[in-house]
Protein chains: 2
Amino acid sequence: METDRVTIVDVAARAGVAISSASAALNGRPGVSEATRARVQRAASELGYVPSLRGRSLSTKRAFAIGFVLQRSLDVLESDPFFASFIGGIEQALSPRGYALVLHMGTNERDTENRYRELAANRRVDGVLLNELRVDDPRLPLMNEIGMPAVGIVPSAEGFELPCVRQPSAPGVAAMVRHLVDQGHTNIAHVSGPARFVHARERVEAWRAEMARHGLRADTLIPGDFTYQGGRAAADAISQMVDRPTAVVCANDLAAVGLIIRAQELGWDVPGDLSVGGYDGIAMGTYIRPTLSTVQAAPRRVAAAAANLLLDVIEDPAGSAGRVVDLAPGQLIVRHSTGKCPK
Amino acid sequence: METDRVTIVDVAARAGVAISSASAALNGRPGVSEATRARVQRAASELGYVPSLRGRSLSTKRAFAIGFVLQRSLDVLESDPFFASFIGGIEQALSPRGYALVLHMGTNERDTENRYRELAANRRVDGVLLNELRVDDPRLPLMNEIGMPAVGIVPSAEGFELPCVRQPSAPGVAAMVRHLVDQGHTNIAHVSGPARFVHARERVEAWRAEMARHGLRADTLIPGDFTYQGGRAAADAISQMVDRPTAVVCANDLAAVGLIIRAQELGWDVPGDLSVGGYDGIAMGTYIRPTLSTVQAAPRRVAAAAANLLLDVIEDPAGSAGRVVDLAPGQLIVRHSTGKCPK
DNA sequence: TTGAAAGCGATACCAA
DNA sequence: TTGGTATCGCTTTCAA
């Protein structure tokens with residue numbers, strides 16, 4: 001069934017050289033005369049030779065692939081727009097360099113960790129991307145333990161011993177808070193993500209710090225979970241409050257959308273009664289009404305940078321040991337879900 | 001750097017048997033005494049042996065991975081919710097069977113085809129999934145030419161020579177039309193997808209047929225492209241019409257959302273002035289207002305079925321040559337974007 | 001039932 | 001600059 005493939009042996013035979021010479025010629029290694037190289041290359045193209053990844057993998061001990069495990073619960077999956085652009089960014093970096101992406105999915109944290117373990121155990125990939133890092137993330141010691149090259153995607157490189165791509169979200173959150181303060185708001189709540197996530201914490205801290213900078217009290221912290229449903233729950237929580245905030249900064253757009261929709265169901269006007277800001281800059285933010293004020297992150301660029309860094313690390317482990325690549329922070333985009341404080 | 005891995009040689013040595021016996025024992029092949037098998041397995045687990053995918057791949061000529069190329073233009077990427085659940089479904093099927101997904105992305109049709117060619121050329125995967133098939137899709141002859149196992153995801157298996165998973169969208173579209181007719185609509189337009197797509201055509205035909213069934217004329221066909229922007233454009237197109245439809249059936253949800261938003265910007269009430277139905281059942285349909293009436297497809301189930309079928313085909317090419325797996329058609333979900341005909 | 005040895009398709013070392 | 005050959009880690013055939 002499987003067509004007999006053209007191997008390097010065929011190429012060498014046709015060019016009338018040894019396979020070692022053929023290999024060197026094809027890979028642009030020195031030690032081959034130009035005449036030989038040309039002859040080998042002609043033979044290869046005449047035969048339609050494509051090197052076998054399998055043979056190459058075994059002898060070089062490399063897979064020419066990197067791994068990524070997306071962690072999402074099945075119910076959230078369907079609504080999460082993060083995914084596609086992130087993957088697009090990875091592909092953008094991998095494809096020109098001849099690598100492929102092996103994608104796995106974990107439905108919970110243990111599951112995710114096991115996927116990384118598998119990836120490492122059978123050496124299906126040469127390195128992995130780590131995102132949505134948790135405090136004391138077990139994947140970090142795991143990567144060290146098994147000696148798997150890894151690159152983290154983090155808001156801050158502090159205390160992070162792996163090479164990483166850093167895109168701080170603090171400036172964006174601060175800009176959002178500042179924007180709301182400018183609109184006259186003083187009681188600005190924050191709907192956070194789960195505290196076990198580093199980026200969730202960073203956003204809480206950024207909100208706190210910016211509030212303090214304006215002499216405002218940051219006491220309305222509503223725990224969320226980055227989901228649409230979590231955003232809805234936050235609106236319900238607000239409706240129970242004695243001293244209602246007039247503005248909310250959400251840790252991500254999806255939650256902000258949920259919050260806005262639920263707020264409207266509760267009869268509030270957004271932004272008349274309540275201003276709502278998000279974070280991420282997902283397309284959906286321009287679909288809903290009012291359109292969502294947010295901070296535009298760049299998942300595609302982040303992913304591309306991370307993938308490129310990972311390849312650098314793989315191809316030169318020593319040279320790029322503790323590298324940190326900095327990306328511009330997200331920019332505030334003011335749309336229509338934020339407005340003047342009602343008072 | 002790379003820890004010296006435990007190989008089958010180590011296991012065989014420790015168990016005091018030949019590597020061929022160790023291999024047979026570990027893979028549950030017959031011809032090994034129970035005592036030997038037990039000894040080998042103990043040795044393997046004591047050493048923490050994990051078979052090398054690379055060695056196995058080379059000798060079995062299999063990659064234990066399947067490929068999928070998602071085709072999306074970069075601008076659409078960010079808003080497309082199809083992706084995540086589809087991938088989730090694939091993973092669900094692959095993971096228990098020890099396979100992995102190699103994911104590529106094409107930003108246009110030529111790009112996509114090249115990705116499939118690469119995948120085939122270097123045999124990085126044992127088979128591929130083909131979705132969003134076009135009329136005379138070049139990937140079909142390509143797969144035959146290179147002898148790559150492939151499974152199609154199609155609305156109808158007619159004239160489709162590859163094994164496939166079939167989920168017809170016609171019943172759902174028909175149900176949507178019927179629902180609108182029940183609400184008194186007689187001038188029902190259709191916003192289609194690009195005619196080069198088989199599933200776009202199927203939906204047009206389904207709309208036509210159901211209109212005819214009710215003795216209605218199906219002359220308002222608005223060409224779309226499955227995107228949010230395309231939906232907006234459709235609303236603009238409608239606003240130019242002399243004889244405006246009172247209802248629109250969109251070929252997918254994203255376009256329906258765009259249409260609704262734009263319609264509202266144009267000052268129309270949905271569904272008061274215009275009823276809008278979608279197709280897919282994306283989560284976003286429940287976020288917007290009015291909530292979107294749609295047909296609930298099941299991308300996760302479709303993907304899982306397709307991936308499972310592909311593995312069957314890979315593992316037994318003869319046995320499952322022309323297999324067709326049928327999936328239940330999507331169900332109509334009436335929400336709030338469709339209502340009584342104004343008149 | 002067991003073991004020895006020949007591939008699989010490349011890379012890379014070492015003589016010639 | 002070349003060519004021969006060991007090697008990567010496994011599967012599989014064929015004798016013993």
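Within every chain, numbering begins at 1; the chains are lettered A, B, ... in the order of the sequence lines, protein sequences first and strands thereafter.
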Starting from C1' on C/dC8, measure out to CZ on A/Arg54 and report it in whole angstrom.
10 Å
Residue set satisfying salt bridge (charged side-chain N to carboxylate O under 4.0 Å, His left out) with B/Arg56, at least two apart, ordered chain then number -> none
D/dC10 phosphate, OP1 or OP2, under 4.0 Å from B/Ser57 side-chain N/O
no
Whether A/Lys61 contacts D/dT7 is assessed here as follows: a side-chain N or O lying under 4.0 Å from the phosphate OP1 or OP2. Is that the case?
no
Need one value for A/Thr36: base, sugar-phosphate or nothing, where a base atom within 4.0 Å counts as base even if backbone is also close, heavy atoms only.
sugar-phosphate
Lys/Arg N to Asp/Glu carboxylate O, B/Glu118 vs B/Arg123, below 4.0 Å:
no
Does B/Arg134 CZ have over 12 foreign heavy atoms under 6.0 Å away?
yes
Measure CZ/A/Arg123 against P/D/dC10 and give the value in whole Å, please.
13 Å
Indicate yes or no: at least one non-hydrogen side-chain atom of B/Leu130 is less than 4.5 angstrom from one of B/Val151.
no
Separation of B/Arg37 atom CZ from C/dT1 atom C1', in whole Å?
11 Å
Over 12 foreign heavy atoms within 6.0 Å of CZ, A/Arg42
no
Counting only heavy atoms not in A/Asp136, do more than 12 sit closer than 6.0 Å to its CG atom?
no
In whole angstrom, give the distance that lies between atom CG of B/Leu58 and atom C1' of D/dC10.
8 Å
Can you build the contact string for nucleotides 10-16 of chain C? Use B for base contact, S for sugar-phosphate-only contact, and - for no protein heavy atom under 4.0 Å.
BBBB---
For a quick test of your reading: what N or O donor-acceptor pairs under 3.5 Å do the side chains of residues 14-22 of chain A make, sequence neighbours left out?
unit_1, atom_1, unit_2, atom_2, d
A/Arg14, NE, A/Glu46, OE1, 2.9
A/Arg14, NH2, A/Glu46, OE1, 2.8

Roughly how many Å is it from CG in B/Leu26 to P in D/dG9, rounded to a whole number?
16 Å
So which nucleotide from D/dC8, D/dT2, D/dG3 ends up closest to the side chain of A/Ala18?
D/dG3
Please write out each protein N/O paired with an N/O of nucleotides 14-16 of chain D under 3.5 Å, distance rounded to 0.1 Å.
none

Please list, chain by chain and in numerical order, all residues satisfying salt bridge (charged side-chain N to carboxylate O under 4.0 Å, His left out) with B/Arg117, sequence neighbours excluded.
B/Glu113
Of all pairs that satisfy ring-ring contact (aromatic ring centres under 6.0 Å, His included), the ones with a partner from residues 122-151 of chain A, not counting sequence neighbours
none
Nucleotide D/dC10, atom P - distance to CG of A/Asn122 in whole Å:
11 Å
